[in-house]
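Reading through the structure tokens given below for one structure.
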Amino acid sequence: MSKVAVLGAGSWGTAFSMVLADGGNDVAIWARREEVAASINERRENSDYLPGLELPRSVSATHDPERALAGADVVVLAVPSQSLRTNLPMFLPYLEPDAVLVSLMKGIELGTLERMSEVIREVADVDPGRIAVVSGPNLAKEIARREPAASVVACEDESVATMLQKRCHSPAFRPYTSVDVLGCELGGAYKNVVALCVGMAVGLGFGDNTTASLITRGLAETARLAMRLGANPLTLMGLAGLGDLVATCSSPLSRNRTFGEKLGHGMTVEEVYASTRQVAEGAKSCSSIRALAEKAGIDAPIAEHVDEVVAGRMTTAEMMEAFISRDPKAEIE
């Protein structure tokens with residue numbers, strides 16, 4: 001049985017560990033907190049993030065990075081995107097020489113405006129052919145309940161993508177392959193910002209016309225940026241683009257949509273953060289995505305206005321009014 005290390009014991013890292021175990025792998029989860037690792041090993045449950053869901057016997061957990069990584073030919077990174085650069089050096093001394101690094105993270109780094117695969121390449125100093133990303137409609141709780149789902153495994157080396165596809169293919173999880181790492185990462189990061197916006201609209205009491213309009217314009221905004229940066233536009237029409245966008249914007253299980261709803265109900269960003277232990281990547285990455293769009297010369301009204309709300313410079317009601325009052329000639333359909 002092949003070993004996979006999953007670095008991060010949050011909801012998505014734990015759910016993907018279940019996928020890997022169902023695919024026939026021996027999985028070691030690294031948990032930042034010892035009590036989470038103990039709960040997984042003793043109770044077969046991650047009670048903090050996926051309570052009530054039993055983990056397979058082939059999943060174990062540890063707080064020791066050396067133990068988690070020993071013998072792992074695939075290493076899955078499932079830490080918050082904005083903490084990747086500070087967390088990754090802790091693991092590097094224990095990586096197997098030819099291990100493939102897989103990112104589950106969906107964000108753009110603040111300051112550098114780098115995608116997660118770019119941060120991995122820079123910090124770990126590995127060839128892009130050893131770096132892959134998983135992206136798609138990946139609501140963790142549904143996947144952990146083994147409800148049918150599909151996703152994309154992307155790597156510049158197609159043979160590596162195919163290898164990973166086989167490793168995470170399970171009775172309930174269908175992975176597809178791609179070589180468009182750029183498109184998959186941009187789709188995964190941008191959809192969180194759009195979901196925040198949709199959540200704000202729902203929190204304000206608006207209905208399906210509003211949310212459908214925001215989802216559609218969010219997809220157009222994402223595609224403009226992705227194409228300008230060199231991604232394949234068809235990627236944005238697939239699971240890593242439209243599929244992920246629809247799931248994240250539509251589901252009450254979505255952390256980003258829920259975060260936006262609470263803002264729409266009148267809570268402050270600080271109050272929303274205090275109400276949950278989950279990380280809403282869109283709130284962390286909206287300013288970097290806005291800056292990336294500005295750097296590329298792309299009109300990005302959703303990223304711009306969401307950033308204004310998260311920064312406290314605009315209310316959610318003002319944001320919706322600003323969308324409607326925009327010059328109709330500012331962008332084409």
Side-chain angles (χ1 to χ4, degrees), residues 106-110 113 115 182-183 185-231 233 235-237 240-242 244-250 254-266 268-269 272 280-333:
K106 298 178 178 179
I108 302 296
E109 189 177 44
L110 295 167
L113 308 185
R115 293 173 284 113
L182 169 62
E185 287 191 292
L186 287 176
Y190 220 120
K191 58 91 184 182
N192 288 328
V193 178
V194 181
L196 277 175
C197 191
V198 169
M200 293 177 202
V202 172
L204 287 167
F206 298 124
D208 293 339
N209 285 336
T210 305
T211 57
S213 298
L214 291 171
I215 291 170
T216 307
R217 295 314 306 164
L219 179 61
E221 194 169 307
T222 307
R224 282 199 301 270
L225 176 59
M227 290 171 65
R228 175 64 60 87
L229 296 179
T235 300
L236 281 303
M237 299 301 108
L242 180 60
D244 202 3
L245 180 67
V246 170
T248 307
C249 291
S250 302
S254 164
R255 289 170 285 182
N256 290 280
R257 173 182 156 132
T258 300
F259 194 106
E261 280 191 60
K262 291 179 177 180
L263 292 177
H265 288 146
T268 66
V269 171
V272 180
E281 292 283 12
K284 298 289 187 180
S285 295
C286 58
S287 63
S288 54
I289 289 175
R290 175 184 184 178
L292 186 62
E294 290 175 350
K295 182 179 178 181
I298 294 297
D299 186 37
I302 291 178
E304 174 188 339
H305 287 81
V306 168
D307 182 43
E308 290 294 300
V309 172
V310 171
R313 296 186 290 264
M314 178 181 283
T315 67
T316 53
E318 289 169 342
M319 178 193 75
M320 294 306 301
E321 183 179 351
F323 280 144
I324 298 302
S325 63
R326 276 171 53 84
D327 182 354
K329 294 181 181 180
E331 54 185 320
I332 62 173
E333 170 52 39

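This is a predicted model, so every value here is computed, not measured.
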message: Run the salt bridge (Lys or Arg N to Asp or Glu O under 4.0 Å) test against Glu308 and tell me which residues pass, sequence neighbours left out.
response: Arg290, Arg313

task: State which residues pass side-chain contact (heavy atoms from CB on, under 4.5 Å) with Leu229; sequence neighbours excluded, sorted by chain then number.
output: Leu182, Leu186, Leu225, Leu292, Ala296

- prompt: Can Arg257 and Glu261 be counted as an ion pair, charged N to O under 4.0 angstrom?
  reply: yes

task: Count the heavy atoms belonging to other residues, nucleotides or ligands that lie under 6.0 Å from CE of Met237, then report whether that count exceeds 12.
output: yes

message: Tell me which one of Leu219, Thr222, Thr216 satisfies side chain to side chain contact (heavy atoms under 4.5 Å, CB included) with Leu242.
response: Leu219

field: Main-chain N/O of Ile302 paired to Glu221 side chain as donor or acceptor, under 3.5 Å
entry: yes

- line: Residue pairs meeting ring-ring contact (aromatic ring centres under 6.0 Å, His included), one or both in residues 296-325, sequence neighbours left out, come to His305-Phe323

query: Which residues pass the side-chain hydrogen bond (donor to acceptor under 3.5 Å, both in side chains) test with Ser254, sequence neighbours left out?
result: none

- request: Please name all residues satisfying side-chain contact (heavy atoms from CB on, under 4.5 Å) with Glu318, sequence neighbours left out, ordered by chain then number.
  value: Met314, Thr315

statement: Sorted by chain and residue number, the side-chain hydrogen bond (donor to acceptor under 3.5 Å, both in side chains) partners of Thr248 (sequence neighbours excluded) come out as Lys191, Asp244

In a table with atom names and distances, give each donor-acceptor pair under 3.5 Å that connects a side chain of residues 204-215 to protein atoms at least two apart or in another chain.
from, atom 1, to, atom 2, distance (Å)
Thr211, OG1, Gly207, O, 3.4
Thr211, OG1, Asp208, O, 3.1
Ser213, OG, Asn209, O, 2.7

Ser285 and Lys106: CA distance, side-chain angles, deciding distance, side-chain contact (heavy atoms from CB on, under 4.5 Å) verdict: CA-CA 9 Å; Ser285 295; Lys106 298 178 178 179; over 6 Å; no

query: Looking at residues at least two apart in the chain, or sitting in another chain, which of them share a side-chain hydrogen bond (donor to acceptor under 3.5 Å, both in side chains) with Thr235?
result: Asp180

message: Suppose we screen for side-chain hydrogen bond (donor to acceptor under 3.5 Å, both in side chains). Which residues come up paired with Glu185, at least two apart in sequence or across chains?
response: Arg115, Ser117

- prompt: Residues in ring pair (Phe, Tyr, Trp, His ring centres under 6.0 Å) with Phe259, at least two apart?
  reply: Tyr273

